Visitor: 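Below is the structure I would like to discuss, written out as structure tokens.
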Amino acid sequence: MTEPTPSAPSTPVAKPRLPFGLEISGEGLALRILLAVLLSILCAAALIAAAGHDPISAFAALIAGAVGTPHQIGVGLNRTTPYLLAGAGVALCFRAGVINIGAEGQIAVGGIGGAAAALAWPAALSPLAIVAALVGGALAGALWSAIATAIYLGRHVHEVLVTLLLNFVALLLVQQVLAGPLGQTGAGFLQSPLLPRESWLPRIPGLDAHPGFIIAAVVAAALSLILWRTPFGFALRVAGSSRKAAAYAGFSLSGITWGVMLLAGALAGLAGAIEVMGVHHRLIEGFSLGFGFKAVTVALLGALEPLAVIPAALFVGLLEAGSLSMQRQIGVPSALVAVIEGLTMLFVLAATVRRT
Amino acid sequence: MTIDIIAAAIRIATPLLFAALGGLLSERSGVFAVGLEGMMLAGAFAAIIGASATGSALGGIALAIVGGAIIATAVAVIAVRYRADNMVTGLAANILALGLTSYLLRVIAGGGAPASIHLDPLASWPIPYLSDIPTIGPLLFDQPPLTYLAVIGCVLMSLFLRRTQAGLTLTATGENPEAVFASGSSPMRVRMIAIITGGAIAGLGGAVLSLQQVGTFTDGMTGGRGYLALASLIVGRWTPWGAAIACLAFGAAEALELRMQTFGVPVSSYIVQMVPYLIALAVLAGIGRSSRMPASIGQPLPR
């Protein structure tokens, strides 16, 4: 497929590229990402050493804290779940050339949807409560994403600005519903009443994790299939590498955008509902703070390949789960994890840029 | 009551205005300023460290400039030199700044607990004679030093953008980097300098928060003000005075909401806090990709 000759003196059509320069099939891409991760870990080690601690024992404590016992693995898997679900959706959007950074808000609104569905679901139908709450979360997330998409496509506003601004509206919306219709009066802080027990996600025996991670991993595999094995996936890949080529081939750009945005919104919403139903068992203020931004991190770290987002999300989730042990045992502040995340993201951005 | 609200609006708007002015430089050169939050936060942290280490507010202000510029340098290198997506780079810088300031705050104290450094907030500098004018005097001419600096910064920024060669080159880079390249300047250099200088200015916004208004630093104390500054930049349509008016309007809305609550008017503070973002969205939806927005914003430089 050839692009109609562009009038601008841009680079000729070669291999598929993403709009902001991430290579889809670059040689040594995985190696470069690994190097970026390694570099950020080295920086973190330097910071630990500068604080007067031994980096090796700090990282050992971190790893032991993350995977030392089944309970701790469970905690790590629970943390990984929202990053993986939302991150896989973000990866698909980026592949299609839609820079959606609205996962933060979509997760928050998904939490509202999940909690509202769980609280409103009639007790007579309680065996279906979990499904209802999950669907409620996914619908809410998709709805929030639909608002962004409508403004983006309808008014030609840059998608990053729309999704970014709506994130803050969504976070405030959580506070608003907790101060109003969904709130527990007299709780002292913003939270909903405890959800009915039938809507709690079960625990995996022996692991202390809810099954969210399994759902998320299956979703990531399914997205990978969609991306590589379906006409929709082909269309979105073409759209991501060249909008002109996609239009020339007769693909509907707005259709592709709606598709990936609704899918990503639903997955982020699902992540929010799972967090509410599996971890807190109620909607609480700030339950999802930073999740959506980390979803962008893991999408990039996974080179926008849904299957590779699984190890990327595990890396971030387990890192966070283990950081408290590192703080307790060695005295290295757990905030170091955010430093590693930020640096990794920057280094990966630099390492995956095209160098033609 | 009105006087109160205006005073509070000025107070709330000051850190926003610094950040917006810094962001203006970056966006006029063609790079989205999503990293403002991190630059402000680094500035707020560095201001407190600098002031307590040197024992002087000037030391704090100087270090705040450095702190903001450091985060901005990371953004500039990755987004301009390595041509990565502006906004994702900005997000990464924000995460990095949040982690780094929290980490260092604890390392300084030597243990797991964050260091608690408390300084006296900067005192106001009444301007002789002017501050004696009834009503207006105490309201406008009895402010702490950085508030005056914000107004001066706005004047200078306006002059810089419209009346200097460098300012015109900056704007041209945001509109059409190829033309700037053809005229013999380096768009890459322009963008990097713009981002780093903008970061330094945004760092001052952080110093307003920590050094001038609170007297201490707490984790993530900017609390989204960098994003609010981004919104005010949009609402102000990428001009210094427009941004200043937007900052004041956002400040007035917040101040008004606080007052209404104390008078028992049933208004939700959360809805009021949404207003700036909704207005920014409405402005964006209204103008679309109009000529006001720098034409090449968000696009990496051609080779």
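Here the structure is a predicted model, which means the values were calculated and not measured. Chain A is the first sequence line, chain B the second, and so forth, proteins listed ahead of strands; every chain is numbered from 1.
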Visitor: Using a cut-off of 6.0 Å, state whether more than 12 heavy atoms not belonging to F59(A) lie near its atom CZ.
Guide: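 It does: F59(A) CZ has more than 12 such atoms within range.
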Visitor: Please determine, among V160(A), L173(A), V337(A), the option with the most heavy-atom pairs under 4.5 Å with chain B.
Guide: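 Heavy-atom pair counts peak at V160(A).
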Visitor: Does anything in residues 269-280 of chain B get under 4.5 Å of chain A by heavy atoms, and if so which residues?
Guide: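 Residues Y270(B), I271(B), Q273(B), M274(B), Y277(B), L278(B), A280(B) are the ones that qualify, each having a heavy atom under 4.5 Å from chain A.
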Visitor: How close do P333(A) and R106(B) get, counting heavy atoms only, and between which atoms?
Guide: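 Here P333(A) and R106(B) meet closest at CG-CB, 3.4 Å.
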Visitor: Among I151(A), I340(A), V339(A), which has the most heavy-atom pairs under 4.5 Å with chain B?
Guide: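 The candidate making the most pairs under 4.5 Å is V339(A).
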Visitor: Heavy-atom cut-off 4.5 Å, strictly under: side chain, backbone, both or neither for L164(A) against chain B?
Guide: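 Only the side chain of L164(A) comes within 4.5 Å of chain B.
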Visitor: Which bit of I330(A) comes within less than 4.5 Å of chain B, counting heavy atoms only: side chain, backbone, both or neither?
Guide: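 Neither part.
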Visitor: Closest heavy-atom contact between G99(B) and A338(A)?
Guide: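 Distance-wise, the nearest heavy atoms are CA-CB, 3.5 Å.
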Visitor: Among N167(A), L166(A), V332(A), L47(A), single out the residue with the greatest number of heavy-atom pairs under 4.5 Å to chain B.
Guide: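 Most heavy-atom pairs under 4.5 Å with chain B: L47(A).
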Visitor: Does any backbone or side-chain atom of L343(A) lie under 4.5 Å from a heavy atom of chain B? Answer side chain, backbone, both or neither.
Guide: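 Both parts, backbone and side chain.
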Visitor: Are the side chains of I48(A) and Y103(B) in contact, using a 4.5 Å heavy-atom criterion?
Guide: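 Side-chain contact under 4.5 Å: yes.
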Visitor: Quick check on the interface: out of Y152(A), F347(A), F293(A), who has the most heavy-atom pairs with chain B under 4.5 Å?
Guide: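 Heavy-atom pair counts peak at F293(A).
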Visitor: Rounded to the nearest 0.5 Å, how far does CZ of F168(A) lie from CG of L228(B)?
Guide: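 If I round to the nearest 0.5 Å, the distance is 9.0 Å.
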Visitor: Rounded to the nearest 0.5 Å, what separates atom OG1 in T163(A) from atom CE in M87(B)?
Guide: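 The distance works out to 8.0 Å.
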Visitor: Can you list the residues that meet the side chain to side chain contact (heavy atoms under 4.5 Å, CB included) rule with S145(A), with sequence neighbours excluded?
Guide: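 Checked S145(A) against side chain to side chain contact (heavy atoms under 4.5 Å, CB included); matches are Q106(A), T149(A), M261(A).
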Visitor: So which heavy atom on A74(B) is nearest to which on L346(A), and how close?
Guide: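 Here A74(B) and L346(A) meet closest at CB-CD1, 4.2 Å.
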Visitor: Is any side-chain heavy atom of L96(B) closer than 4.5 Å to a side-chain heavy atom of M345(A)?
Guide: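 Counting from C-beta outward, L96(B) and M345(A) never come under 4.5 Å.
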Visitor: Would you give the length of the straight line joining atom CG of L349(A) to atom OG1 of T89(B), rounded to the nearest 0.5 angstrom?
Guide: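 OG1 of T89(B) is found 4.5 Å from CG of L349(A).
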Visitor: Are L165(A) and L284(B) packed together at the side-chain level, in the sense that at least one heavy-atom pair is separated by less than 4.5 angstrom?
Guide: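 Side-chain contact under 4.5 Å: yes.
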Visitor: Do you know which of T344(A), T297(A), V296(A) makes side-chain contact (heavy atoms from CB on, under 4.5 Å) with I95(B)?
Guide: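 Only one of T344(A), T297(A), V296(A) forms a side-chain contact (heavy atoms from CB on, under 4.5 Å) with I95(B), namely T297(A).
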Visitor: At a 4.5 Å cut-off on heavy atoms, which part of L171(A) comes close to chain B: side chain, backbone, both, or neither?
Guide: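 Contact with chain B is absent: no heavy atom of L171(A) under 4.5 Å.
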